[in-house]
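Here the structure is laid out as structure tokens; the discussion comes afterwards.
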Amino acid sequence: MRVVAEKLNFYYDRKSKNKVRALADVDLVIPEGSFFGIIGHTGSGKSTFIQHIDALIPVQEGKLVVGNYDISKGKKADKKMLKELRSKTGIVFQYPEYQLFAETIYQDVAFGFKNFNKDATDEEVKNAVYGALALVGLDASVAARSPFELSGGQKRRVAIAGVIVSKPEILILDEPVAGLDPLGKKELMTLLHAIHERYVKTIVIVSHDMDEVAENCTDVAVFSEGRVVMTGTPQEVFSRAEELEKLRLDVPVTAKLTAALKGCGVNVATNYTMDDFVSKVAEIYKSGR
């Protein structure tokens, strides 16, 4: 499923004199199969936009089509259609481990499956839960434990399992590596790539970590003041470092190093992933340029 937004607008406290425009004429396409990154400063509209995809926030103005589901303003969205949409567009919010609520990991993960499969048998629920746990790298033996006995990284995996258990076609994660140490970040992003390759067609991440976006995303959209002001590949977006800095955004370490080398007369044609940057610099060094 791809996501197509056209002239999407949203106001908080819309009927109030103090209404806030959170989205302003957003035009954006998220291609099916992409690992899509959304970046922007705090309050730029990122989280508001992703909640529209799952219809957690209704469309006030404009057009929004998710796969075959047209949830644009004025379109009839009955409960059955919204339930189908939400079964195919899972959202993992920031610090999802704080949203775990059940007594056991099994119950927590099963909740998401049962919500969309009311007539499922106990065996079907069991297979779905253990399958989701396996996908996030957790052994079935943890199912009977309390989620609060796990480490922070393991809790986050349980929360992701609770979303992917319904087999969504789009997985959306808000700041997926927030609060994790470098090893935890690497392990979680490796997990997301594995899920993307084998299970979920499209992954969308909202992130303040530009290195994370450069290393992992196929496409990037930059939000500012509720608008999409830039789109492209990570290479295309991060090559516009001066524009990003004016938007109060950072750039990947590799982009900073590339700019510093350029200032010394050394041009590095990189896609801003660390492996590519190191490889290109090594080539230049070996050639004596």
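This one's a predicted model, so the numbers in the text were calculated from it and none came from an experiment.
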Pair Val253, Phe277 - check side chain to side chain contact (heavy atoms under 4.5 Å, CB included), show working. CA-CA 10 Å; Val253 170; Phe277 175 79; over 6 Å; no
Dump the intermediate steps for salt bridge (Lys or Arg N to Asp or Glu O under 4.0 Å) on Arg14 and Glu61, then the final yes or no. CA-CA 11 Å; Arg14 191 180 188 189; Glu61 297 177 8; 3.1 Å; yes
Does Tyr12 form a side chain to side chain donor-acceptor pair (under 3.5 Å) with Thr48? I'd like the steps, not just the answer. CA-CA 10 Å; Tyr12 286 105; Thr48 300; 2.8 Å; yes
Let's go through Tyr11 and Gln60 carefully: what are the C-alpha distance in whole Å and the side-chain angles of both, what is the deciding distance for side chain to side chain donor-acceptor pair (under 3.5 Å) to 0.1 Å, and is it a yes or a no? CA-CA 8 Å; Tyr11 299 84; Gln60 290 179 347; over 6 Å; no
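Residues Tyr106 and Val125 have side chains in contact (heavy-atom distance under 4.5 Å, counting atoms from C-beta outward). No side-chain heavy atom of Met1 sits less than 4.5 Å from a side-chain heavy atom of Lys201. The closest side-chain heavy-atom distance from Phe35 to Met189 is below 4.5 Å. Looking only at side-chain heavy atoms (C-beta outward), Val136 and Leu191 come within less than 4.5 Å of each other. Between Ile203 and Leu173 there is a side-chain heavy-atom pair separated by less than 4.5 Å.
Ion pairing between Glu225 and Arg248 holds under the 4.0 Å rule for side-chain N and carboxylate O.
In summary, of the residues considered (Leu150, Leu100, Leu138), a side-chain contact (heavy atoms from CB on, under 4.5 Å) with Ile105 occurs for Leu150 alone.
With Asp139 contributing its side chain and Ser141 its backbone, the two residues share a donor-acceptor pair below 3.5 Å. One N or O on the side chain of Asn9 and one on the backbone of Lys7 form a donor-acceptor pair closer than 3.5 Å. Side-chain N or O atoms of His196 include one that pairs as donor or acceptor with a backbone N or O of Gly33 at under 3.5 Å. Distance alone, capped at 3.5 Å, places no donor-acceptor pair between the Asp219 side chain and the Thr233 backbone.
Phe49 and Phe223 have tilted rings, their planes meeting at an angle from 30° to 60° on a 0 to 90° scale.
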